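One structure below.
Values below: every heavy atom of this structure, side chains too, minus hydrogens, waters and symmetry copies. Since the structure is predicted, the reported quantities are computational estimates derived from the model, not experimental observations. Within every chain, numbering begins at 1; the chains are lettered A, B, ... in the order of the sequence lines, protein sequences first and strands thereafter.
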There are 2 protein chains.
Amino acid sequence: MVLIRTCDLEPFQLTDGVPIMPTTTTMPTETAAQTLTDSGLRSTPQREVIYSILLNKRDHPTADEVYARVKTELPSISLATVYNCLETLVGCNLVRAVNFDREPTRYCPNLRPHAHFHDENLGSTYDIDLPPDLLEQIKAILPPGYNASSIEISFRGHTAPEAAQN
Amino acid sequence: MVLIRTCDLEPFQLTDGVPIMPTTTTMPTETAAQTLTDSGLRSTPQREVIYSILLNKRDHPTADEVYARVKTELPSISLATVYNCLETLVGCNLVRAVNFDREPTRYCPNLRPHAHFHDENLGSTYDIDLPPDLLEQIKAILPPGYNASSIEISFRGHTAPEAAQN
DNA sequence: AATTTATTTGGAATGGTTCTAATTCGCACT
DNA sequence: AGTGCGAATTAGAACCATTCCAAATAAATT
Ligand SMILES: [Mn+2]
Ligand SMILES: [Mn+2]
Ligand SMILES: [Zn+2]
Ligand SMILES: [Zn+2]
């Protein structure tokens, strides 16, 4: 894995030549470290590694799954720190928390407006891109006086085997 | 409160002259007892009272809130039974479980397709009716091979004081 | 280097929900 | 109406994802 930098601002990680970067509407203009310090927080190895783990495998892992993955890089990290870091990353809008019913919270670095599809057979979660016009239509069903700060759309169901997923 | 019966099939509860009934697209054709026995389950006082409590005050109560309300009618009921009954009512599609992030599950007797708005100030939850065509448009964003068995749409935000709620 | 403040850490606590095993109930069949 | 049997209720224990706590460590500031 190699760190590259585009525009002298954005450090992206290369794995097998595939650039890994946060999925934003526009190109990201800040590194995670920048976003953290901009929010008055410190850039720590734990936060950076956890963020990179979310970027590298976007399968919406739970805190436990993140814990298992980060331990290979930071063997002495604690589960409490994983929770703390994930909360911090969510707090500065680098990551989104995704919930399905009462299952453990999952974490997603995709910052574009998108819905989630949860395959009940596989337990897998997929991103479904949300057309901007549809998002507007959905917001439009709210009666006057209802001011939404966030919208969440989630599907449950099954995926056909031929719909090849990552 | 008076129990009335229309069509010799549907027992509705009258509170101050206002008929209380499940909110379905069409008029309900079965009583709760019917739906239960049709599902091979028994109609018990606990199940009936809990269902009537959900119909009478549609504020999306939690299991604890249902417990507090049902105790006035069935003082010896247990919290475990409240959970059991709610699960049973959800299982035979008389009631829907509604989740906001990791908050306690709430329960809703509105069976029409609708979204939920959660007021973060008041902690209140409101039903937002969902136009059928919009529901179709939302389903249409799924790639081929993704078969959704349920869709959930939830808003978080604040309501203006003049948007008078129940 | 010393001080200050933020972060990490292990372990305990929390709280909504589920599980367990005993009791009670509803219902079908005498 | 009484009996038997499976279903439902009950109290309390257990579960488990998450949060809290207080001590240790690390990062920034002086
Ligand atoms: Mn699942
Ligand atoms: Mn709330
Ligand atoms: Zn996602
Ligand atoms: Zn509802």
Side-chain angles (χ1 to χ4, degrees), chain A residues 32-51 53 60-68 70-71 73-92 94-107 118 123 125, chain B residues 31-51 53 60-71 73-92 94-107 118 123 125:
Chain A
Q34 263 306 318
T35 307
L36 285 166
T37 55
D38 288 357
S39 310
L41 301 165
R42 290 177 185 173
S43 168
T44 67
Q46 291 88 345
R47 287 170 177 171
E48 295 289 345
V49 170
I50 286 176
Y51 182 57
I53 279 170
H60 302 83
T62 63
D64 270 322
E65 288 165 347
V66 171
Y67 182 44
V70 69
K71 267 196 292 195
E73 274 188 76
L74 302 173
S76 65
I77 199 173
S78 74
L79 180 57
T81 298
V82 172
Y83 275 103
N84 288 342
C85 291
L86 289 170
E87 186 184 20
T88 299
L89 293 171
V90 169
C92 62
L94 285 166
V95 167
R96 310 242 288 228
V98 177
N99 286 284
F100 290 96
D101 299 343
R102 305 232 96 233
E103 293 181 20
T105 300
R106 299 176 170 279
Y107 296 89
H118 187 72
T125 300
Chain B
T31 179
Q34 264 305 319
T35 306
L36 285 167
T37 55
D38 288 357
S39 311
L41 302 164
R42 290 179 184 170
S43 167
T44 66
Q46 291 87 346
R47 288 171 177 170
E48 296 289 346
V49 170
I50 286 175
Y51 182 56
I53 279 168
H60 301 85
T62 63
D64 271 322
E65 288 165 348
V66 171
Y67 182 44
R69 292 176 198 179
V70 70
K71 267 196 292 195
E73 275 190 75
L74 302 173
S76 65
I77 198 172
S78 74
L79 180 57
T81 298
V82 172
Y83 274 104
N84 289 340
C85 292
L86 289 170
E87 186 184 19
T88 298
L89 293 171
V90 169
C92 60
L94 284 166
V95 167
R96 312 245 287 227
V98 177
N99 285 285
F100 289 96
D101 299 343
R102 306 233 94 231
E103 293 181 18
T105 300
R106 298 175 171 280
Y107 296 89
H118 187 73
T125 299

(request) Just jot down the salt bridge (charged side-chain N to carboxylate O under 4.0 Å, His left out) partners of Arg106(B), sequence neighbours excluded, or say none. (result) Glu65(B)
(request) Identify the heavy atoms of Leu86(B) and Tyr107(B) that sit nearest to each other, and give their distance. (result) CD1-CE1, 3.5 Å
Hey, what are the protein-to-nucleotides 5-8 of chain D N/O distances that come in under 3.5 Å?
residue	atom	partner	partner atom	Å
dG6(D)	N2	Arg42(B)	NH1	2.9
dA7(D)	O4'	Arg42(B)	NH1	3.3
dA7(D)	O4'	Arg42(B)	NH2	3.2
dA8(D)	OP1	Arg42(B)	N	3.1
dA8(D)	OP1	Arg47(B)	NH1	3.0

(message) Any heavy-atom pair between the side chains of Leu41(A) and Thr35(A) that's under 4.5 Å?
(response) no
(request) Taking the side chain as every heavy atom from C-beta outward, state whether Leu36(A) and Thr88(A) have any pair of such atoms under 4.5 Å apart. (result) yes
(message) I want to check something: taking the side chain as every heavy atom from C-beta on, are Asn84(A) and Gln46(A) in contact at a cut-off of under 4.5 Å?
(response) no
(request) Give the stems involving DNA chain C, where a stem is 3 or more consecutive Watson-Crick or G-U wobble pairs (i with j, i+1 with j-1, and so on) under 3.5 Å. (result) C:1-30 with D:1-30
(request) Mind running side-chain contact (heavy atoms from CB on, under 4.5 Å) on Tyr67(A) and Lys71(A) for me, showing each step along the way? (result) CA-CA 6 Å; Tyr67(A) 182 44; Lys71(A) 267 196 292 195; 3.6 Å; yes
(request) Indicate, with a heavy-atom threshold strictly under 4.0 Å, whether Ser76(B) touches base, sugar-phosphate, or nothing. (result) sugar-phosphate
(request) Identify the heavy atoms of Arg47(B) and Cys85(B) that sit nearest to each other, and give their distance. (result) CG-SG, 3.7 Å
(request) Go along nucleotides 13-21 of chain D 5' to 3' and tag each nucleotide: B for a protein heavy atom under 4.0 Å from its base, S when only backbone or sugar atoms are that close, - otherwise. (result) ----SBBB-
(request) Could you tell me the separation between the OG atom of Ser39(B) and the CG atom of Leu89(B), rounded to the nearest 0.5 Å? (result) 10.0 Å
(message) Taking salt bridge (charged side-chain N to carboxylate O under 4.0 Å, His left out) as the definition, give me every residue that meets it alongside Arg69(B), ordered by chain and number, with sequence neighbours left out.
(response) Asp59(B)
(request) State, with a plain yes or no, whether a side-chain heavy atom of Asp64(B) is found less than 4.5 Å away from one of Leu79(B). (result) yes
(request) Under 4.0 Å from any heavy atom of chain A: name the first and the last nucleotide of DNA chain C that qualifies, 5' to 3'. (result) dT5(C) to dT17(C)
(message) Rounded to whole Å, please give me the gap between CD1 in Ile77(B) and P in dG12(D).
(response) 16 Å
(request) Flag the pair His118(B) / His60(B) as yes when at least one side-chain heavy-atom distance between them is below 4.5 Å, and no otherwise. (result) no
(message) With a 4.5 Å cut-off on side-chain heavy atoms, are Ile77(B) and Ile50(B) touching?
(response) yes
(request) Work out which heavy atom in Ala97(A) is nearest to a heavy atom in Thr105(A); give both atom names and the distance. (result) CB-CG2, 3.7 Å
